[in-house]
Amino acid sequence: MSQPVLEVRDLKVEFVSPRADRPPLQTLRGVSLDIAAGEILGLVGESGAGKSLTGAAVLGLLAGGGRISGGEIRFSGQRIDRLPEAEIRVLRGSRIGAVFQDPMTALDPLMTVGEQLVETIRTHRRLSRRQARDHAASLLDSVGVPAAARRLSQYPHQFSGGMRQRVVLALAMAGEPDLLIADEPTTALDVSVQAQVLALFRELCDARGTAVMLVTHDMGVVAEICDRVGVMYAGRIVEIGSVDDVLERPAHPYTEGLLRSIPALDAPREPRLWQIPGAMPRPAAVPEGCAYHPRCPRAQEICRRGNTPLLGVSMRDVACHFPNRSWSSTVSIGRSSAAEARP
Amino acid sequence: MTVEPQDPGPGSMLVVEGLSKSFQQGTPLFRRLAGKAPIVHAVDDVSLTIARGETLALVGESGCGKSTFARTVMGLERPSAGIIRFDSQPLAPSVSDRPAKLRRSMQMIFQDPYTSLNGRWRVRDIVAEPIREGQGDLSQSAINEQVGELLVKVGLSQDDLAKYPHQFSGGQRQRIAIARAIATAPAFLVCDEPTSALDVSVQAQILNLMCELREQSEGLTSLFISHNLAAVRHFADRVGVMYLGRLVEVAPAQELFEAPQHPYTQMLLAAVPGKRRGQGKAGIQGELPNPLAPPTGCAFNPRCPLAVDRCRSERPVLAASRLKPARSVACHVATVSSV
């Protein structure tokens, strides 16, 4: 198996409090994941689960007193979590691209789209202005902006929301990155525009073999374009595996509950939606043991203490002492025989 | 619901006829200098009826006019044209001209529970305000008792009375907003994207709460504004689809989702991301046109896979289907095929 483009191992992030007498807030509590070339990994979870933070840590963009307090991040085999700012800057934008939720914050309103693309291209490649402009036009064209050459001389406000996000995608792709971190890239877009931008992501990723980390709260988006998905809860990945396995046959009680609580467009209408009691704990008040146990219908004594490791169950990794195994009646691929032997 | 939605008589709670709301762009100075300011027709000649006890949802993408419609009905915006009747009585255009009794019977829940609650007020005062209005003679203890009961009803506790909004999560704040909206036992409730700012597990809790309240208060009529089609399918009895200020399709919820007739409704449903893995997405193209310069004829024609010449010149009217009078669609092509 070829080496993953991105390897994250037991990544921990904490936020230092401005007040010296308070301990740092543990916001990521050991996140591990791999992304292979050409693969789209979705990271889903509710607000505060740590999905955006994982992306920001990989990009070296932790702000507001956040710092990596443990674990490691490898990009193409090379550790990048301790690189000096100057070196991570070079990586970012050339080999690691980023797309965020609001396209307007990623674009300079005072520069034409062409100037911004040319600047980005020339930062990473030795091209003349003219060559860079031609390349910019072909980039815009590749993200589906009509009349690309003419629109280079327009400003961001002259583009619609969907077209702006395409421009941002073109900017992120300008350095031909091996890894793209996309944080809620279609959340600000209308559903018909979202469908088009998602299709574009998939196309670009397939054509260039780009590895993508797609941070989203929308299970539909995951089902639509991701290959694999990691479900996050209170600073940890609780379940990670192929989209089919995790979304069709969830094993972690949180994944099960989350999926059941989403109203469906094609299932029979029930008088009530499935509902998970309570809310996700804040970083300062994450309970001992499995963070989900106070809300979990299957929780037992063992869930209240110690660490719940991610173990292989039914073709995916699950951090749960009592995963749903009803899917595994025919196939059983546990990494740990101890985990399989438990009731 | 028990009453047929077509009945324009006592069965109708809200009757809207030819409602329009347009906004002028630009400052007064600009208008003076230019002589004429561009006009956005946010809501353009919309007529619909909501039966007593019915939940009607308005769906559509941002800028389609669904929120402006709701705000105009509530009197938060003055209509440019059209008549709104509530319980057979014509409504004054502005909420401040409506009698207190009427205002008490029409309430609203807003999208963002972080901005719709006054952060300097205690929960007790936020929920008590609509109770106090028009009933100045109620004692403090009577009000406190009512507010406490309301909080319990929406899943909070009596202990929360003295707290401030910032002490609650987003879902809990939306519960406070709901308690405030139902404090006067309204007959009509407008919910403008009530779960859009919430996480999915919290969305389920709030939608369930709203279902419960609807069942408890028999005959509660509501207008539910949302861009979340799955939530609408779960919650609404009837659905209206808006595009660029106009209603393009109205149908009972189940029928709309099973067999959408307007090409825009079909595109909207196909665009919802999910299990289909890119299937059936080929027809999704373009974006909402500039509302300052809407296309002639049917506003959807530049994006429509079925558009013919007539669609570019003649604006289709919303007409009831001959076979299914509960359904109506504004489309030259769909109308022909369904008759």
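A quick note: this is a predicted structure, and the numbers were derived from the prediction, not measured. Proteins get letters first, then strands, A, B, ... in listed order; numbering begins at 1 in each.
- Interface residue Glu215(B): only side-chain heavy atoms are found under 4.5 Å from chain A.
- Within 6.0 Å of atom NZ in Lys153(B), 12 or fewer heavy atoms from other residues, nucleotides or ligands are found, so the atom counts as exposed in its surroundings.
- Minimum interatomic distance between Pro263(A) and Gln203(B) (heavy atoms only, all atoms of both residues): CD-NE2, 3.4 Å.
- Contact count against chain B (heavy-atom pairs under 4.5 Å) is highest for Arg269(A) among Arg269(A), Arg282(A), Arg260(A), Met280(A).
- Only the side chain of Ile262(A) comes within contact range of chain B, judged by heavy atoms closer than 4.5 Å.
- Residues Ser261(A) and Ala204(B) share a closest heavy-atom pair of O-CB, 3.5 Å.
- If you tally non-hydrogen atom pairs under 4.5 Å between each of Ala195(A), Gly161(A), Ala279(A), Pro277(A) and chain B, the highest count goes to Ala195(A).
- A distance of 8.0 Å separates CD of Glu287(B) from CG of Leu189(A), quoted to the nearest 0.5 Å.
- With chain B as partner, the option from Arg272(A), Met163(A), Gln275(A) having the largest number of non-hydrogen pairs under 4.5 angstrom is Arg272(A).
- Neither the backbone nor the side chain of Met219(A) comes within contact range of chain B, judged by heavy atoms closer than 4.5 Å.
- Residue Glu270(A) touches chain B through its backbone alone, counting heavy-atom pairs closer than 4.5 Å.
- Residues Ser201(B) and Glu46(A) bring a donor and an acceptor atom of their side chains to less than 3.5 Å of each other.
- Here CG of Leu209(B) is found 12.0 Å from CG of Leu273(A). Values are rounded to the nearest 0.5 Å.
- By the neighbour-count criterion of 12 heavy atoms within 6.0 Å, atom CD of Gln254(B) is sparsely surrounded, having that number or fewer from other residues, nucleotides or ligands.
- Pairing each heavy atom of Glu61(B) with each of Asp190(A), the nearest pair is OE2-CB, 3.0 Å.
- Interface residue Leu229(B): backbone and side-chain heavy atoms are both found under 4.5 Å from chain A.
- Contact of the Val200(B) side chain with the His217(A) side chain is not registered, since no non-hydrogen atoms from C-beta on lie closer than 4.5 Å.
- Contacts between His234(B) and chain A at a heavy-atom distance below 4.5 Å involve backbone atoms as well as side-chain atoms.
- The 12-atom threshold is exceeded at CD of Gln216(B), counting heavy atoms of other residues, nucleotides or ligands nearer than 6.0 Å.
- Within the model, atoms CD1 of Ile284(B) and CG of Leu198(A) stand 10.0 Å from one another, a figure rounded to the nearest 0.5 Å.
- Between Pro273(B) and Glu224(A), the shortest heavy-atom contact is CA-OE1, 3.3 Å.
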